[in-house]
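Note sheet for the following structure.
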Amino acid sequence: MNCSKTEELRKYLAGDLTTEAARLLEQHVEACMLCQKVMMEEDDSDEEYQVLQVPSALPADFTAQVMTALETVRTATPKPNWKKRSVNILKKTAIAVASVTAIITFGSMVSPTFASYVNSVIQSIQGIDNGMKQAAEKGYAQAINKSATDQGMTMTVQEVVADPVRMAIFAQAVDQNGKRIPFDPEKIEVSLTYKTKSGEELNPDGGGYHFGEEGEYLVISHDIFQFLRDRKTQLDEMIVGVDVTMLDGKEGSWKLEFPVDLKKARASANQTTIEKNFMTPHGIKLALHNIKTVPSVSLIELETAWTEERAKQVQKIKEENGWIVKQDAPGVFTDAERVERYFVDIGLAYEIVDEKGKVVAGWDDAIYGDQLNQIRKNTVSPSYRGQMHDQGKRYTKWNGITPLADDQTYTFRLHSLYLFEPAKFQATIPVDKLMKEKVTVTNNDSVYTFTGFTLKTTEGEEKIGDHTYSGKGAIIPFTAVLPEGIIMNLVWSAQDDAKQDYRLLMKETFKRDKDGRVHVSGTFFIRDLEKQPKELSLKHLMQWRQYQGMNWEVPFKTSSKR
């Protein structure tokens, strides 16, 4: 799916926004998982922007389309301007690393008129989250069936699904002959507005929603929790506006407004207060605050906070490595600025266990956690995942899992804590030798084996080996064994024998061996390297360590009042 702020984010990265516009965008990124994902990937590896598909429902060939959609990933390829990047937004996107997790706002998508059909189909599909199944069974959807016509095309909002956390809008478009118009993300412009019945704006900053074509439908998804959670009075109804200004590449006006009922879903909401704390050996305080359950999701509210001990540790690391951020110099992005946000990025992995010891849900902030830990289970993914406080030294996060049952006893069990730390890996590779044979380098307890060198001489997209690359550069396949406890190396750069610096793209897969060490295979893409050097020097500045065996378990009983 696309975020409504994607194009504005691209302008931000290129330094083309006004100061006020940049400030507003930074506030949006703090609450938008898709934009956080873009920022994480761009800073880590200079990767191209990614747009992730989300499963859909309702078309006649529903089963086939969903199974196809689940395996589909689309990629667009704008090229960022690194020299103009602002360190400010990078600090603000210091989120738990699950921000690279796909946004699947795939909750209750079924109107009562389709309930029997859709429920039978949904229950037959493996891999669909149980939160969506439960919401579908309970019929939290509303028929809208409102249309607007312009330029010989008709846009119809058919259904809306909403609870106090998530909303999904389902729309279709047809031409004057009644033929369906596909929704190309490059050929549609859409915005949403929210008001109370009295006209009060609910989301004045705009944005935060995501849209994409799923089957025969345009699905517009929004985690409305982000602007409803702080209201002193809860809403029974809100007025939603859908304003399409470009459809199928043609400018026009397709403007619709309709009420959305929240009363039924709000009445079923249930909050379980827990308020238990834990201090890690690393000077980090964890707090499990509460669990809010609505028809499509249970939101687990956690908080991480630095102690004075943690603050001293981080300051010492910065001083020892020369990573003290100084006044910005125009056109310069220093190592200190590049690593700044990693220190406030604290990741968690945990499980929810029932009275019989069965794991009913598992959450993992780790990038590629499914490949490494395999504890993710029954997750539901609201994009609004957190809020920063005290310049990132305190962070509140909300994780979505399948709705928990009322009046039941469970146990929260902490599996892992993830922290970033400095790691000065360096490898000097003789390129002539690499053209003929493998080159293995052991440094900083990492073992990297490089297996080739290829120059890509064209600007366009080209598939080389297993991957597709855009732009000119050099491709180096590799395998690696990481140090014990380390699950990823980050903040890579390259330098040729003329002392010219380059950024690296990385495409990787991960697995553990029987001893628990992480093995990586993939490729480096050294962007803009157009001539074969005699030597290449590679380095990375940070590594991501997993701490297990925290021994924190919290029994709790969900509320019975729904």
Side-chain angles (χ1 to χ4, degrees), residues 33 94-99 101 131 164-165 223 225-226 229-230 269-294 297-307 309-310 344-366 369 373 375-382 384-390 392-419 546-562:
M33 192 174 178
I95 59 170
V97 184
S99 60
T101 304
V165 173
D223 295 317
F225 172 68
Q226 60 182 298
R229 68 183 179 85
D230 293 328
N270 181 5
Q271 181 154 308
T272 300
T273 301
I274 302 175
E275 297 299 347
K276 297 294 184 181
N277 300 318
F278 176 71
M279 184 67 68
T280 77
H282 319 88
I284 296 168
K285 179 182 177 182
L286 306 181
L288 175 58
H289 289 310
N290 58 69
I291 300 177
K292 180 182 179 68
T293 297
V294 296
V297 61
S298 283
L299 280 183
I300 301 176
E301 182 178 336
L302 288 151
E303 186 176 281
T304 61
W306 293 20
T307 61
E309 177 188 356
R310 170 66 176 171
V344 299
D345 197 347
I346 298 169
L348 301 175
Y350 57 85
E351 297 171 313
I352 305 295
V353 183
D354 68 13
E355 289 184 287
K356 297 180 179 180
K358 179 183 178 181
V359 177
V360 298
W363 185 274
D364 194 349
D365 280 339
N373 301 318
I375 71 166
R376 286 180 186 151
K377 182 177 182 179
N378 286 335
T379 58
V380 179
S381 303
Y384 189 65
R385 289 210 51 260
Q387 183 176 12
M388 293 177 58
H389 319 274
D390 306 329
K393 294 180 180 179
R394 185 166 62 89
Y395 188 85
T396 304
K397 59 176 66 181
W398 291 272
N399 300 149
I401 63 171
T402 297
L404 296 175
D406 296 344
D407 197 24
Q408 296 292 317
T409 299
Y410 298 95
T411 298
F412 171 97
R413 186 166 65 198
L414 183 64
H415 180 279
S416 297
L417 171 74
Y418 303 103
L419 295 176
Q546 179 180 15
Y547 295 92
Q548 300 189 57
M550 294 289 101
N551 297 319
W552 185 37
E553 295 189 354
V554 180
F556 63 92
K557 186 174 183 178
T558 54
S559 174
S560 60
K561 185 178 180 180
R562 289 288 295 275

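- D230 CG to Q387 CD: the interatomic distance, rounded to the nearest 0.5 Å, is 6.5 Å.
- Remark: K292 NZ to I300 CD1 distance equals 14.5 Å, nearest 0.5 Å.
- Residues satisfying the ring pair (Phe, Tyr, Trp, His ring centres under 6.0 Å) criterion with W552, sequence neighbours excluded, are F278, F412.
- At distances below 3.5 Å, at least one donor-acceptor pair connects side-chain atoms of T402 with backbone N or O atoms of N378.
- For the salt bridge (charged side-chain N to carboxylate O under 4.0 Å, His left out) condition, the pairs that include at least one residue of residues 348-363, sequence neighbours left out, are E351-R413.
- Of the inter-residue distances, the one linking I291 atom CD1 with S298 atom OG reads 6.5 Å to the nearest 0.5 angstrom.
- For Y418, the side-chain hydrogen bond (donor to acceptor under 3.5 Å, both in side chains) partners are D364, N373, not counting sequence neighbours.
- Aromatic ring orientation, W398 versus F225: perpendicular (interplanar angle above 60°, classes split at 30° and 60°).
- The structure places CG of L302 at 11.0 Å from CG of L299, a figure rounded to the nearest 0.5 Å.
- For the pair D365 and R376, the tightest heavy-atom approach, listed with the atom from each and the gap, is C-NH2, 4.3 Å.
- Checked against salt bridge (Lys or Arg N to Asp or Glu O under 4.0 Å), D390 has the following partners two or more places apart in sequence or in another chain: R394.
- The closest donor-acceptor contact from the side chain of T304 to the backbone of I346 lies at 3.5 Å or more, if one exists at all.
- Take T396 and apply the side-chain hydrogen bond (donor to acceptor under 3.5 Å, both in side chains) test, not counting sequence neighbours, and it matches E303, H389.
- The minimum heavy-atom distance between P555 and E553, with the atom names listed, is CD-O, 3.9 Å.
- Within the 4.5 Å cutoff, the side chain of T293 has no heavy atoms near those of the T558 side chain.
- Under the side-chain hydrogen bond (donor to acceptor under 3.5 Å, both in side chains) criterion, T280 pairs with H282, sequence neighbours left out.
- Within 6.0 Å of NZ in K377 there are more than 12 heavy atoms belonging to other residues, nucleotides or ligands.
- Looking at residues two or more places apart in sequence or on another chain, you find no side-chain hydrogen bond (donor to acceptor under 3.5 Å, both in side chains) involving T272.
- Under the rule for a side chain to side chain contact (heavy atoms under 4.5 Å, CB included), the partners of N290 that lie at least two apart in sequence or sit in another chain are Q271, E301.
- Side-chain contact check for V360 versus V353: every heavy-atom pair is 4.5 Å or farther apart.
- Here CD1 of I401 is found 9.5 Å from OG1 of T379. Values are rounded to the nearest 0.5 Å.
- Applying the side-chain contact (heavy atoms from CB on, under 4.5 Å) test between Y350 and each of L286, N399, I375 identifies N399 as the sole match.
- Under the 4.5 Å side-chain criterion, counting only non-hydrogen atoms from C-beta, I352 is not in contact with W363.
- The structure places OH of Y547 at 16.0 Å from NE2 of H415, a figure rounded to the nearest 0.5 Å.
- A side-chain donor-acceptor contact under 3.5 Å links Q546 and S416.
- Annotation: salt bridge (Lys or Arg N to Asp or Glu O under 4.0 Å) contacts of K557 (sequence neighbours excluded): D407.
- At least one donor-acceptor pair under 3.5 Å links the side chain of T307 to the backbone N or O of G283.
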